[in-house]
S.K.: 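I have a structure I would like to understand better, so I am pasting it below and will then ask my questions one at a time.
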Amino acid sequence: MFEPSESQRLIRETARNYAQGSLTRIASELDREARFPAAQLGELAELGLMGINVPEAYGGAAAGAVAHALAMKEIAQGCASTAVTMGVNNMVAETICRFGTDAQKKRYVPEITSGRFVAASFALSEAQSGSDAGALRTTARRDGSGFVLNGSKQWITSGDRAGVLIVWARTEQSAAKPAKGISAFLVEGGAKGLHAGRHEDKMGLRASSTVPLTLEDVRVPATALLGNVGDGFRIALSALDGGRIGIASQAIGIASAALEESLQYAKDRRTFGQPIANHQAIRFMLADVATELEAARLLVLRAAAFKEAERPFTREASMAKVFATEKANHACDVAVQIHGGYGYVSEFAAERHYRDVRVTTIYEGTSEVQRFVIAREALK
Ligand code: CAA
């Protein structure tokens with residue numbers, strides 16, 4: 001059985017109180033208006049949720065990966081759009097802490113954890129390289145002691161809101177393996193030559209910002225390099241291992257909201273002279289979803305515990321992500337089914353959960369990529 005420690009419990013309760021108080025009430029309005037949750041993100045920063053697994057020296061809570069997973073689930077249960085923005089902020093802050101120089105950490109991480117930067121971005125994907133991330137084409141050419149970046153990025157969460165973006169670019173065209181020639185750079189929001197395009201008109205997570213970016217001769221100093229030249233792909237994949245635990249938690253949060261609403265609706269709605277909760281067809285659906293979410297939660301906690309113990313957790317993170325996100329999609333599908341006609345209209349939250357959860361098997365590595373990673377680890 002999993003018993004949270006005192007600090008894990010505190011983070012979870014803080015996130016739960018905030019989510020069930022203000023977030024749940026405003027989630028449907030944020031979705032309908034596709035309004036970026038800037039005020040909510042500021043409040044989350046005040047609550048210490050923007051650097052949950054970041055050292056206190058940089059304004060973080062230093063509460064670990066398990067606490068981060070617990071908080072992500074709670075916030076996503078309130079508002080999935082707010083949760084993904086918070087998740088990416090945490091991932092960027094952690095990645096800078098892990099791979100950055102002291103100066104980089106001091107310059108950027110407290111800005112994220114304090115909320116002075118409302119968001120931070122992870123700019124890896126490009127129009128022709130999502131799953132095959134190593135095929136990216138953005139270039140970083142040496143220019144004196146610094147670099148000049150050119151190219152474009154696609155589907156960048158908070159790309160137009162970020163105070164700092166980790167941008168991956170090719171520093172070497174002729175590397176033996178394409179992934180070897182990639183480096184990571186810290187680019188500041190508002191940098192000359194960095195332009196955000198039109199917001200994507202998304203199916204779900206409509207309150208989060210997703211934009212394409214173009215980089216036209218964006219000049220950065222040598223001090224903007226994160227890690228060493230050529231280390232970029234390894235940095236990206238290792239950050240994604242952690243990010244995948246966050247997205248698995250987000251999916252469980254969305255699905256938990258869907259399950260709670262399904263349970264309530266099943267008790268309230270009557271057909272054939274009794275609440276539909278009395279019908280075996282509905283009970284079996286509820287039982288399957290409850291069981292699947294419990295199993296998903298354990299896989300997520302296991303992956304987070306491995307990460308926290310500094311054990312290899314690539315396989316565990318991919319298992320948690322593929323299982324949790326697919327089961328969460330099932331849970332939200334079932335919620336719509338149980339709500340019947342009401343599940344198909346925006347008056348009930350089941351409709352929003354169904355749209356919000358869909359992307360969780362796509363971003364932060366598709367289900368297909370997770371299975372590729374799991375099989376490769378198994379075959380080693
Ligand atoms: N951690 C650290 N290093 C790793 C690693 C890991 N988990 N996995 C692989 N590496 C290293 C390898 O050891 C290798 O280095 P060497 O050559 O020195 O041995 C190097 O990285 C390249 O690895 P691969 O040969 O495995 O690379 P690949 O080209 O076969 O790709 C892949 C593997 C798993 C498919 C990878 O491309 C991948 O994960 N793709 C999905 C990308 C993704 O998740 N994108 C999400 C975008 S961000 C997002 O969605 C955020 C958001 O908005 C919410």
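In each ligand, atom 1 is the first atom listed, and ligand 1 is the first ligand listed.
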S.K.: Sequence neighbours excluded, which residues qualify as ring-ring contact (aromatic ring centres under 6.0 Å, His included) partners of Tyr342?
M.R.: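 For Tyr342, the residues satisfying ring-ring contact (aromatic ring centres under 6.0 Å, His included) (neighbours in sequence not counted) are Phe348.
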
S.K.: Using 0.5 Å steps for rounding, measure from the CZ atom of Phe185 to the CD1 atom of Ile166.
M.R.: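 Answer for the CZ-CD1 pair, Phe185 versus Ile166, is 12.5 Å.
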
S.K.: Can you tell me how the ring of Tyr108 sits relative to the ring of Phe117, calling it parallel under 30°, perpendicular over 60° and tilted otherwise?
M.R.: tilted

S.K.: Pairs of nitrogen or oxygen atoms, one from ligand 1 and one from the protein, closer than 3.5 Å: please tabulate them with distances.
M.R.:
from	atom 1	to	atom 2	distance (Å)
ligand 1	7 (N)	Asp241	OD1	3.4
ligand 1	7 (N)	Asp241	OD2	2.8
ligand 1	7 (N)	Thr314	OG1	3.4
ligand 1	17 (O)	Lys177	NZ	3.0
ligand 1	17 (O)	Lys180	NZ	3.3
ligand 1	18 (O)	Lys180	NZ	2.5
ligand 1	26 (O)	Arg376	NH1	2.6
ligand 1	26 (O)	Arg376	NH2	3.1
ligand 1	37 (O)	Ser131	O	3.2
ligand 1	39 (O)	Arg244	NH2	3.0
ligand 1	40 (N)	Ser131	O	2.7
ligand 1	44 (O)	Arg244	NH2	2.8
ligand 1	44 (O)	Gly365	N	3.0
ligand 1	50 (O)	Glu364	N	2.8
ligand 1	53 (O)	Thr157	OG1	2.6

S.K.: Whether Arg355 and Glu351 form a salt bridge (side-chain N of Lys/Arg under 4.0 Å from carboxylate O of Asp/Glu) is what I want to check.
M.R.: yes

S.K.: Is any side-chain N of the basic residue among Glu364 and Arg244 closer than 4.0 Å to the acidic one's carboxylate O?
M.R.: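 No salt bridge links Glu364 with Arg244.
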
S.K.: Strictly under 6.0 Å, is that where the ring centroids of Phe233 and Trp168 end up?
M.R.: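 When the ring centroids of Phe233 and Trp168 are compared, they turn out to be at least 6.0 Å apart.
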
